[in-house]
There are 2 protein chains.
Amino acid sequence: MNPIDIFKALSNETRLQILIWLKEPEVYFGTQKSADCKDVGVCVSLFHQRLQLTQSTVSEYLAILQRAGLVTATRIGKWTYYKRNEEMLQKVARYLGHDL
Amino acid sequence: MNPIDIFKALSNETRLQILIWLKEPEVYFGTQKSADCKDVGVCVSLFHQRLQLTQSTVSEYLAILQRAGLVTATRIGKWTYYKRNEEMLQKVARYLGHDL
DNA sequence: TTGACATATCGGATAATATCGATATATTAT
DNA sequence: ATAATATATCGATATTATCCGATATGTCAA
C-alpha cells in the first residue's frame with residue numbers, strides 16, 4: 001500500500017465517482033449482458049457511457065485506480081471488468097484513522 | 001469538507017510527514033520556548049528546521065493543509081502555530097470507510 | 001521609529017498530470 | 001484470414017503542482 005499513489009488516485013472527482021458507482025453496480029449499471037456485475041465487476045464501456053470523457057481517458061482512470069490497488073481488474077473475453085477492492089479501501093480508512 | 005482538496009493535500013510525502021510529526025509534537029519538536037506545543041501547536045520555523053525545503057515552501061505546504069481543514073493555525077505574536085484537526089482526520093477516515 | 005525576526009505571498013522555472021485523438025493489441029464472429 | 005469490437009497505449013498539448021528566490025506583511029524590542 002502506497003499512500004501517495006492512493007491519495008493521488010482519490011484526488012479526482014471522476015475517479016471518486018467511479019468508486020461510488022462501484023459500491024452499487026447493479027443500480028448504476030443494471031443491464032449488463034454477459035456477466036453479473038455484482039460478481040465480476042463493470043466493464044470499461046459502461047463507465048464510458050456514463051462519463052463525458054473519451055474511452056482512452058476512462059481506461060487510464062481505471063488503470064490509475066488499479067495501480068493504487070483500489071480496484072481489481074478481470075479480463076473475460078473482450079471485456080475487462082473492474083470492481084472495488086474493499087480490503088484496500090478499509091486499509092486506507094484505518095491508515096487515516098490510526099496511523100496518520 | 002472537500003474530499004478532493006483533502007486528498008490533494010495528502011498526496012505529498014512532506015505534507016504526510018508534517019501530519020505524522022504533529023501526532024507527537026513533543027517528541028519531534030520537544031524544545032519549544034514560548035509555548036507548549038501540545039496545546040498550541042508547532043511553529044513554521046521548527047518544521048523548516050527539519051525539512052530540506054525553503055521557508056516559503058514549508059509555509060505554503062502548511063497553508064495547503066490548513067485550507068483542506070487538516071490542521072488549524074493560531075497566530076501568537078510573531079509565530080503561527082499549527083496543530084492537527086483531529087475531527088477532520090476522523091471525518092475523512094469515516095468518509096473513506098463508509099461513504100466512499 | 002527603526003531594526004530584527006517570523007511568516008506569508010508573489011512570480012517564475014521545471015516537473016507532473018489531465019485529457020484528447022490516433023493507433024495498437026486482444027478477442028470473438030464470420 | 002478478415003472484420004468487428006473492447007480495451008490499452010502512445011504522443012501531443014494544456015493545465016496544475018512543486019519548489020525556489022525575492023519581497024511584503026505583521027509583530028515585538030530597543
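Here is how names work: the chains are called A, B, and so on, in the same order as the sequence lines, proteins then strands, and each is numbered from 1.
- Among C/dA8, D/dC20, D/dT18, the nucleotide with an atom closest to any side-chain atom of B/Thr54 is D/dC20.
- At least one side-chain heavy atom of A/Phe7 sits under 4.5 Å from a side-chain heavy atom of A/Leu96.
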Seminar exercise, completed: Letter by letter from the 5' end, nucleotides 23-30 of chain C scores (B base, S sugar-phosphate only, - none; protein heavy atoms under 4.0 Å) ----BS--

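- Using bins of under 30°, 30° to 60° and over 60° for the plane-to-plane angle, the ring pair A/Trp21/A/Phe47 lands in the parallel bin.
- One N or O donor and one acceptor, one from the side chain of A/Ser56 and one from the base of C/dG21, sit under 3.5 Å apart.
- Summarising the geometry, the separation between CG on A/Leu51 and P on C/dC20 is reported as 10 Å, rounded to the nearest angstrom.
- Considering only side-chain atoms of A/Ser59, the nucleotide from C/dA18, D/dC20, D/dA8 that sits closest is D/dA8.
- Here the side chain of A/Arg15 pairs a donor or acceptor atom with the backbone of A/Lys8 at under 3.5 angstrom.
- Judged purely by distance below 3.5 Å, without hydrogens or angles, the side chains of A/Thr57 and A/Thr54 pair a donor atom with an acceptor atom.
- Between the C1' atom of D/dT7 and the CD atom of A/Gln49 lies a distance of 15 Å, rounded to the nearest Å.
- For the side chain to side chain contact (heavy atoms under 4.5 Å, CB included) criterion with A/Leu65, the lone passing option out of A/Thr72, A/Asn85, A/Leu70, A/Ile6 is A/Leu70.
- Between A/Tyr81 atom OH and D/dA6 atom P there is a gap of 10 Å when expressed in whole angstrom units.
- Salt bridge annotation for A/Glu60-A/Arg67: present, with a cationic side-chain nitrogen under 4.0 angstrom from a carboxylate oxygen.
- One atom, CD1 of B/Ile64, and another, P of C/dA8, lie 13 Å apart when rounded to the nearest Å.
- The side chain of B/Tyr82 approaches C/dA8 more closely than any other nucleotide in the set D/dT18, C/dA8, C/dC20.
- Distances from the side chain of A/Ser45 to the nucleotides D/dA6, D/dC20, C/dT7 place D/dA6 closest.
- Under the 4.5 Å side-chain criterion, counting only non-hydrogen atoms from C-beta, A/Leu16 is not in contact with A/Asn12.
- Using a distance-only test at 3.5 Å, with no hydrogens or angles considered, no donor-acceptor pair links the side chain of A/Arg94 to the main chain of B/Gly97.
- Distance, B/Tyr61 OH to C/dT7 P: 18 Å, rounded to whole Å.
- The separation between A/Arg67 atom CZ and C/dA16 atom C1' is 13 Å, rounded to whole Å.
- In this view, B/Glu87 satisfies the salt bridge (Lys or Arg N to Asp or Glu O under 4.0 Å) rule with no residue, not counting sequence neighbours.
- Both distances falling under 3.5 Å, in either a Watson-Crick or a G-U wobble arrangement, place D/dA29 opposite C/dT2.
- When the P atom of D/dT7 is taken as reference, atom CG of A/Leu62 falls 10 Å away, rounded to whole Å.
- Rounded to whole Å, the distance from CG on A/Leu53 to P on C/dG21 is 11 Å.
- Near DNA chain C, defined here as any heavy-atom distance below 4.0 Å, the residues from residues 1-13 of chain A are A/Lys8, A/Asn12, listed numerically.
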